[in-house]
Structures are given as C-alpha cells and as structure tokens.
Amino acid sequence: MAKSRFEYVRDFEESDAVMKQCFIVLRIDGSNFHRFSDKHGFVKPNDERALLANRAAHGVMQIMPDCTIAYGQSDEYSFVLRPDTTVHGRRRQKLVSLAVSKFTAVYQFYWAHFFPETALLYPPAFDGRLVLYPSDKILRDYLAWRQVDCHINNLYNTTFHSLIQKQGLTASESEKRLSKTLSKEKNEILFQLGINYNDEKDIFKKGSVLIGAENRKENEGEIDLWEAQSSEESKHLQKRQVLVLHVDIIKDPFWQRYPNLLLPLEEVKKARKRQLQTDCNKKNNEYLFILVFYHALVFVILDFNIIRKSKTQKRANALYYCSSSRQAHLNMKILDSDHRSIQLYFHISIRPRALRQLGAACHLPYHQF
Ligand code: ATP
Ligand code: ATP
Ligand code: MG
Ligand code: MG
C-alpha cells in the first residue's frame, strides 16, 4: 500500500483474529429462502436441484484448505476448520465474508446448470456467522445439532406437504393437524398416506456431508466430479476434490471411519508421515538409482512401491534427456500414498558414461536418454 499522510486511519481497524486452538465453524444460511424457493418453484418439500448448494459449498472448500468437513441441509451450510488453522490470520470478518461471498457467487454462477428451465428472478443472498468450539466433543455436538434439526424439519415438512398434496388439506389445515404431534404420530400419518418415511432419500433425511477426497477409503462411493464452466474452474476442482456423503454424523462409526477429520494439522502431518514410513518399510531398498557424477557417487533410493503404483496407474512420467553440453535433466512425476502427484526435478552435470550406468541401473535402454 502506498505511503501517505492519511495512512494513520488504518489504526482505527480492530484486530479480530479469533481464539487459537478452537475449531472454527462458519455457518451460512439463505436469506428469506422460503420466499426464494417459492418464487423459483422449488418442488416441496424437497427439490433435488437444490444440490446446487452442495456445488456452492465445494466452492468454499476450494478456498479454505483447512476446512475438513462441511455439513449442509435446507438452505444452510456449516464449514469446520481445523483448530490450529492459520488461514487468513484466523480473522473473523475475513473468513465470514470470504465464505459467504464465495458461496453466493458459485450459487449464482451455476444456477442455470442446475435449474436449466428456471430463470433466476432476483439474486439470492446468504448471511454468515463464525462460531468457535473448544473441543472435539462440542464440535461433534454442534454437527449433531444441525443433523437432528434436519431430521425434525424434514419429517415435519414431508408430512405437512403430503397432507396438502395427497389429502387436499390447505396449508393452515395441515399445520393444525400437525400441531403438537410427536415423530411417531407423523410417521403414522405418512404411513396412512402410503409413505414409509424410512424410504425417503438419505440426502433429505440426513443432509449432505462434504469431506476432502484424500480421506476416501477404498471401494468408497465416487468422488463428485462437478462439471466446470471454465478451465480455470476445472483446475480448482482438480486441486481439491470432495466426497459428497449422505450419512449419519451423530453416531461414532462415521468418526471412526474418518479419524483424521478433527485432528489438528500438526497431528495430520505426523499421521501421514507414519503411514508413508510404514509403506516404505514394506518395500524398502527394492529400487535403487545410482547416479555417478564427476566428483561424487550418489545413491538415490526410491520407494519401489510408489514407483510401481504410479506405473500401474499410467500416471508416471519419467523423462531423461541429455544435451550435448553434458547436462542431464531428470524429471519424474510420482504419486505419494495419498495419490497426490509429486514432481521430482534434477538438473545435473553428468558424464555420458555415468548416464549409461544410470540407464542400466534403471533397466532402461540407452536410446531412451
Ligand atoms: P487480499 O486478499 O489480502 O485483499 P489482494 O490481492 O486482494 O489481497 P489488495 O490489497 O486488496 O490485495 O489489492 C488489490 C489489488 O487488486 C491491487 O493491488 C491491484 O493489483 C488489483 N486491482 C484492483 N482493482 C484493479 C483494477 N481496477 N484494475 C487492475 N487491477 C486492480
Ligand atoms: P431466514 O432469512 O431467517 O433464514 P428463511 O425463509 O430462509 O428465513 P429458513 O428457516 O432458513 O428460513 O428456512 C429455509 C426455507 O427454504 C425452508 O423453509 C424451505 O421452505 C426452503 N428450502 C430450502 N431448501 C429447499 C429445498 N431443497 N426444496 C424446497 N424448499 C427448500
Ligand atoms: Mg434461511
Ligand atoms: Mg435455514
């Protein structure tokens, strides 16, 4: 920022970094969405095109790498950031405004894709807030609170709209009929109308859970490959792929399946290192590159497991090239155990004889150099 005599006004800005070591939750909620959903002809009680909100939430996860889990239902979405995140200096207003503006922008950007037959009549707005949660337990209770809210509202809305659609009741008659009823009675009303609430779709009964695809276990559901409207967007989508689940996050099994979600960053790094070490130990010393330089003999030991994995996935790209000036470029792309691509680039002076030795060590014919 350019220096000027007016710069002193900056001191009027207050620091709003939030307390350390607490989970940061950013919650976004559609403003007056009851009206918005009516005006845009959302199917009641649940319109599947509202999956657009999941796409918008992915947009927020793209710009918040420390957001490990997001939970959405109805017109709201909660984003959980790791307790030791330092993103944007943990500044409250920066985080809330970024999350809300990105969510709103993506929602509008992809409107036509999800609602091809409905013109956007006016721009939607969302509000946002930031709440701190000091422990795993309270954070889990927060998410449980939102999922229970989803269940209660969805059971009510499903019954309310079924009475209107199937029994011809007016809205106020339906409201009266449901007044002071318990879950069991709502289930019975639905049953009489030929609906088994258990058969309703999980996306509406449980809401949507977004987690980074790096947490994906083998044989798990497909990663949601959203279509991008530009190559720039597509690059972003590749960078942070997410898994969209419609599962229970109140009970323990979910958290046992994804144990890394609530760990501090430091712990995640340690856990990844331990995993890599275990993988390497299994196959250690199975692949050996010997590079002979003018003055030194260098052994480079690469984990065979990594090389083999990358080869079978046909993603490995090894390019050896030696120019007349006796410069060698070794450019390799390998995948680490989390399937992230690592680029290795060596630029070395090398004797042709040494290069032949390198080729022999790599079991590559000389002409590939
Ligand atoms: P931060 O996320 O911290 O706000 P920033 O990159 O947005 O980072 P700013 O201090 O907000 O940083 O600076 C805005 C920058 O945007 C300017 O330095 C300038 O490069 C660019 N910019 C803003 N308006 C224009 C414009 N009309 N034409 C060209 N460039 C612009
Ligand atoms: P506020 O501005 O206070 O948040 P609101 O009208 O947005 O008011 P909410 O309690 O947030 O009130 O309720 C959101 C409303 O959005 C629901 O009552 C429902 O009518 C509508 N809605 C949200 N998602 C869907 C959907 N997928 N299908 C149909 N309607 C939906
Ligand atoms: Mg709302
Ligand atoms: Mg709401």
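Throughout, numbering of the chain's residues begins at 1 and tracks the sequence. All ligand and atom numbering here is 1-based and tracks the order in the structure.
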| Should you measure from each heavy atom of A50, which atoms of ligand 2 turn up under 4.0 Å away? | 27 (N)
Considering only distance and modelled atom types, tabulate donor-acceptor pairs under 3.5 Å from the side chains of residues 118-136, sequence neighbours left out.
residue: Y122; atom: OH; partner: R35; partner atom: NH1; Å: 3.4
residue: Y122; atom: OH; partner: F36; partner atom: N; Å: 3.4
residue: S135; atom: OG; partner: I138; partner atom: N; Å: 3.2

| said: Quick one about N154 and N46 (side-chain donor to acceptor, distance below 3.5 Å, no hydrogens or angles considered), yes or no? | reply: yes
| query | Within 4.0 Å of atom 6 (O) of ligand 2 (strictly less), any protein heavy atom? | reply | yes
| request: Report whether F204 and F115 are members of the same hydrophobic cluster (ILVMFWY, side-chain heavy atoms less than 4.5 Å apart, transitive linking). | output: yes
| field | Expected output: side-chain Q192 to main-chain I189 donor-acceptor under 3.5 Å | value | no
| message | Determine whether K205 and K201 satisfy the following criterion, side chain to side chain contact (heavy atoms under 4.5 Å, CB included), listing intermediate values before the conclusion. | response | CA-CA 6 Å; K205 282 189 299 183; K201 288 185 175 169; over 6 Å; no
| query | When only distance counts, is G30 in polar contact with ligand 2, meaning an N/O pair under 3.5 Å? | reply | yes
| task | Taking atom 10 (O) of ligand 2 as the reference point, report whether a protein heavy atom occurs under 4.0 Å from it. | result | no
| note | protein heavy-atom neighbour closest to atom 28 (N) of ligand 2 works out as D47 N, 3.0 Å
| message | Would a single hydrophobic cluster contain both V80 and L263, if residues Ile, Leu, Val, Met, Phe, Trp and Tyr are joined by side-chain heavy-atom contacts under 4.5 Å? | response | no
| said: For S37 and K44, which I'm curious about, is there any donor-acceptor pair between the side chains at under 3.5 Å? | reply: yes
| request: Could you verify whether a donor N or O on one side chain and an acceptor N or O on the other, from D84 and Q21, lie under 3.5 Å apart? | output: no
| query | What part of K44, side chain from CB on, backbone N/CA/C/O, both or neither, has a heavy atom under 4.0 Å from ligand 2? | reply | side chain
| Which heavy atom of the protein is the closest neighbour of atom 2 (O) of ligand 2, given with residue, atom name and distance? | N32 N, 2.7 Å
| field | Within 6.0 Å of CD in Q256, more than 12 heavy atoms from elsewhere | value | yes
| Considering all heavy atoms, the nearest I203-H246 contact | CG1-CE1, 3.5 Å
| query | Should I69 and W145 be counted in the same cluster of Ile, Leu, Val, Met, Phe, Trp and Tyr side chains packed under 4.5 Å apart? | reply | yes
| For atom 14 (C) of ligand 2, which candidate among D75, N157, I203, N153 provides the closest heavy atom? | D75
| field | Test item: side-chain donor near acceptor, S78 and Y142, under 3.5 Å | value | yes
| request: Check S74 against ligand 2 and report side chain, backbone, both or neither, counting heavy atoms closer than 4.0 Å. | output: both
| message | Using a 4.0 Å cut-off to any heavy atom of D29, which atoms of ligand 2 qualify? | response | 4 (O), 11 (O)
| remark: Within the 4.0 Å heavy-atom cut-off, what V43 brings close to ligand 2 is backbone
| field | Closest protein heavy atom (residue, atom, distance) for atom 21 (C) of ligand 2 | value | S37 OG, 3.5 Å
| Between Y77 and Y107, is the ring centre distance below 6.0 Å? | no
| field | Considering all heavy atoms, the nearest E200-I195 contact | value | OE2-CG2, 3.5 Å
| For atom 25 (C) of ligand 2, what is the nearest protein heavy atom, given as residue, atom name and distance? | F42 CD2, 4.0 Å
| task | Kindly indicate whether a cation-pi arrangement holds for R49 with F114, taking the cut-offs as under 6.0 Å to the six-membered ring centre and within 45° of the axis. | result | no
| message | Starting from atom 18 (O) of ligand 2, what is the nearest protein heavy atom, named by residue and atom, and what distance separates them? | response | H34 ND1, 3.7 Å
| query | Which of the atoms in ligand 2, numbered in the order shown and given with their element, are less than 4.0 Å from a heavy-atom of N46? | reply | 28 (N)
| remark: Protein N/O/S atoms closer than 2.8 Å to the Mg ion (ligand 3), ordered by chain and number, come to D29 OD1, G30 O, D75 OD2
| Strictly under 4.0 Å, does any heavy atom of P45 approach an atom of ligand 2? | yes
| For ligand 2, is there an N or O atom under 3.5 Å from any N or O atom of D127? | no
| query | Quick check: does F33 get an N/O under 3.5 Å from an N/O on ligand 2? | reply | yes
| Can you find an N or O of S31 that's nearer than 3.5 Å to an N or O of ligand 2? | no
